[in-house]
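Input: a single structure, listed below in structure tokens.
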There are 2 protein chains.
Amino acid sequence: MELKELIKRHNLRPTSNRLEVLKFYRKAGKAVSHGELDAELGEQFDRITLYRTLKAFEDAGILHKVYDEKGIVRYSMCSHDCDNTQHQDNHIHFHCTSCEATFCIENVEIPQVQIPQNLIVESRYMVINGTCNNCKRA
Amino acid sequence: MELKELIKRHNLRPTSNRLEVLKFYRKAGKAVSHGELDAELGEQFDRITLYRTLKAFEDAGILHKVYDEKGIVRYSMCSHDCDNTQHQDNHIHFHCTSCEATFCIENVEIPQVQIPQNLIVESRYMVINGTCNNCKRA
DNA sequence: TTGCAAATGCAACAGTATTGCAAATAATTC
DNA sequence: GAATTATTTGCAATACTGTTGCATTTGCAA
């Protein structure tokens, strides 16, 4: 079970809570909100613990935050190994307006843009809304 | 006072509440959250009324929603006349990580991107985080 | 196996947002 | 201009999301 290793590598203790959460995220293959996580693991673990687990994973660089157009916060597994100093989630996110799923499009970089005023750019965030392949068929 | 006309044109009644809210948004020149609006006009108008006013303006196409990286919902005046069926806010938003201001960069379109899977694209949303000119000086 | 730091569960609380309903206000018709 | 109708507003209640403090438990290392 390499999830245990992943957690340890980021200087966190591999508790049963964290292992289950991470297992769920890996299985999900899409961004998952605290609410969705709680619906799945709420019987087993405390609501607040799940909040703290998500925060710990984000700080450690195991999960990264994703926002959809409605401002809903979700988390998704980092594909590259991020750390506590910097996330490398410089890819586009896709949000399906039909099933509300949000997932990362790992191999597409967010394009550079030319900004008129001389503002200092630190990071870029981009979401594409549309219909995913599942919902397209239906 | 052409704000009255603007409201009427979108089939809403130009009440004092709505006129004040719109006046505030025009003056602000940046995206404003409900909380910020309430801090300014909360003495005069009810908190819930302000929520409903924002919603009404959004539905009517007078304001459009803006999200920053923390998932905070703000509203900004639509430069082009939108309507209740579609918003045309296809421009980039800039968020200053120092003063937390968010504003529209009207004249820069969100770039097209090539998406690998055959997903159906409906709209694109982009936020650039950085430092605004005000905070740069400081 | 003992001692310490990290992690968890529970309770309380804070902030944001929505809904129902009655009262007030604006627009419409006569 | 008065009466009628529909919209808008304020208040109360409620729901959802997220955070903090503290006592207890758990994991890890000496």
Side-chain angles (χ1 to χ4, degrees), chain A residues 1 3-24 31-63 65-75 84 100 102, chain B residues 1 3-24 31-60 62-75 84 100 102:
Chain A
M1 181 59 88
L3 287 180
K4 201 164 183 169
E5 286 312 309
L6 175 62
I7 294 174
K8 275 190 177 174
R9 202 161 57 233
H10 290 273
N11 296 316
L12 293 175
R13 294 186 178 174
T15 63
S16 69
N17 166 42
R18 288 175 175 167
L19 283 168
E20 286 301 312
V21 169
L22 217 48
K23 199 162 78 182
F24 182 68
V32 176
S33 68
H34 171 267
E36 293 161 331
L37 182 67
D38 188 53
E40 190 76 15
L41 299 178
E43 302 272 311
Q44 231 180 121
F45 304 106
D46 192 75
R47 202 174 61 90
I48 288 99
T49 301
L50 294 176
Y51 271 117
R52 287 194 266 227
T53 302
L54 292 176
K55 178 132 190 16
F57 281 165
E58 192 200 3
D59 290 346
I62 296 174
L63 298 179
K65 263 189 183 166
V66 185
Y67 303 95
D68 73 5
E69 211 181 40
K70 300 205 190 83
I72 293 175
V73 176
R74 287 175 230 258
Y75 292 87
N84 59 342
E100 300 285 315
T102 302
Chain B
M1 180 60 86
L3 286 181
K4 202 167 184 170
E5 287 310 310
L6 176 62
I7 293 174
K8 276 191 177 175
R9 202 162 56 233
H10 290 273
N11 297 314
L12 293 174
R13 294 185 178 176
T15 63
S16 70
N17 165 42
R18 288 175 177 167
L19 283 167
E20 286 301 313
V21 169
L22 216 48
K23 198 162 79 182
F24 182 67
V32 176
S33 69
H34 171 269
E36 293 161 332
L37 182 66
D38 188 53
E40 190 75 15
L41 299 177
E43 302 271 310
Q44 230 179 120
F45 305 106
D46 192 75
R47 203 174 61 86
I48 287 98
T49 301
L50 295 176
Y51 273 117
R52 287 194 265 228
T53 303
L54 293 175
K55 177 130 189 19
F57 281 165
E58 193 201 3
D59 289 346
I62 295 173
L63 298 179
H64 66 263
K65 265 188 182 165
V66 184
Y67 302 96
D68 74 3
E69 210 182 39
K70 299 206 191 81
I72 293 176
V73 176
R74 287 174 230 257
Y75 291 86
N84 59 344
E100 301 285 314
T102 301

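Residue numbers start from 1 in every chain, and the chains themselves are labelled A, B, ... in the order their sequence lines are given, proteins ahead of strands.
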Salt bridge (charged side-chain N to carboxylate O under 4.0 Å, His left out) evaluation trace for E20(A) with K23(A): CA-CA 5 Å; E20(A) 286 301 312; K23(A) 199 162 78 182; 3.4 Å; yes
Look at T15(B) and dT9(D) and indicate whether a side-chain polar atom (N or O) is within less than 4.0 Å of OP1 or OP2.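 The answer is yes; a side-chain N or O of T15(B) sits under 4.0 Å from OP1 or OP2.
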Protein N or O to nucleotides 18-24 of chain C N or O, pairs below 3.5 Å:
{"unit_1": "dG20(C)", "atom_1": "O6", "unit_2": "R52(B)", "atom_2": "NH2", "d": "3.4"}

Whichever of P14(B) and N11(A) has its nearest DNA chain C nucleotide further upstream toward 5':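 Going by which nucleotide is closer to the 5' end, it is N11(A).
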Earlier contact from the 5' end, DNA chain C, for K8(B) and G35(B):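 It is G35(B) whose nearest nucleotide is closer to the 5' end.
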In whole angstrom, what separates [X]'s [atom1] from [N]'s [atom2]?
X      : N       : atom1 : atom2 : value
L37(A) : dC16(D) : CG    : C1'   : 16 Å
D46(B) : dA12(D) : CG    : P     : 10 Å
L19(A) : dA7(C)  : CG    : P     : 13 Å
R74(A) : dT17(D) : CZ    : C1'   : 14 Å
R18(A) : dA6(C)  : CZ    : P     : 11 Å
I7(B)  : dT7(D)  : CD1   : P     : 17 Å
D59(A) : dA6(C)  : CG    : P     : 14 Å
Q44(A) : dC10(C) : CD    : P     : 14 Å

How does DNA chain D read in dot-bracket, base by base from 5' to 3', with Watson-Crick or G-U pairs under 3.5 Å and | used when the partner is on another strand? ||||||||||||||||||||||||||||||
Keeping the roles fixed (side chain from H34(A), backbone from L54(A)), state whether a donor-acceptor pair exists under 3.5 Å.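 Not a single qualifying donor-acceptor pair exists.
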Return a table of donor-acceptor pairs under 3.5 angstrom between the side chains of residues 36-43 of chain A and protein atoms on other chains or two or more places apart.
{"unit_1": "E36(A)", "atom_1": "OE1", "unit_2": "S33(A)", "atom_2": "N", "d": "2.7"}
{"unit_1": "E36(A)", "atom_1": "OE1", "unit_2": "S33(A)", "atom_2": "OG", "d": "3.2"}
{"unit_1": "E36(A)", "atom_1": "OE2", "unit_2": "R74(A)", "atom_2": "NH1", "d": "3.2"}

Testing L63(B), V21(B), I48(B) one by one against T53(B) for a side-chain contact (heavy atoms from CB on, under 4.5 Å), which residue passes?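 Among L63(B), V21(B), I48(B), the one that satisfies the side-chain contact (heavy atoms from CB on, under 4.5 Å) with T53(B) is V21(B).
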Ignoring hydrogens, what is the shortest heavy-atom contact between [X] and [Y]? Give both atom names and the distance.
X      : Y      : answer
F45(A) : L50(A) : CB-CD2, 4.2 Å
A56(B) : L12(B) : O-CD1, 3.9 Å
L19(A) : P14(A) : CD1-O, 4.0 Å
G61(A) : H10(A) : O-CE1, 4.2 Å

Candidates dC10(C), dA6(C), dG18(D) - which lies nearest the side chain of H34(A):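 Minimum distance to the H34(A) side chain belongs to dG18(D).
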dT8(D), dG9(C), dC28(D): which one has an atom nearest the side-chain heavy atoms of L12(B)?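 Selected nucleotide: dT8(D).
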Rounded to the nearest 0.5 Å, what separates atom CG in L3(B) from atom CD1 in I62(B)?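 So the CG of L3(B) and the CD1 of I62(B) are separated by 9.5 Å.
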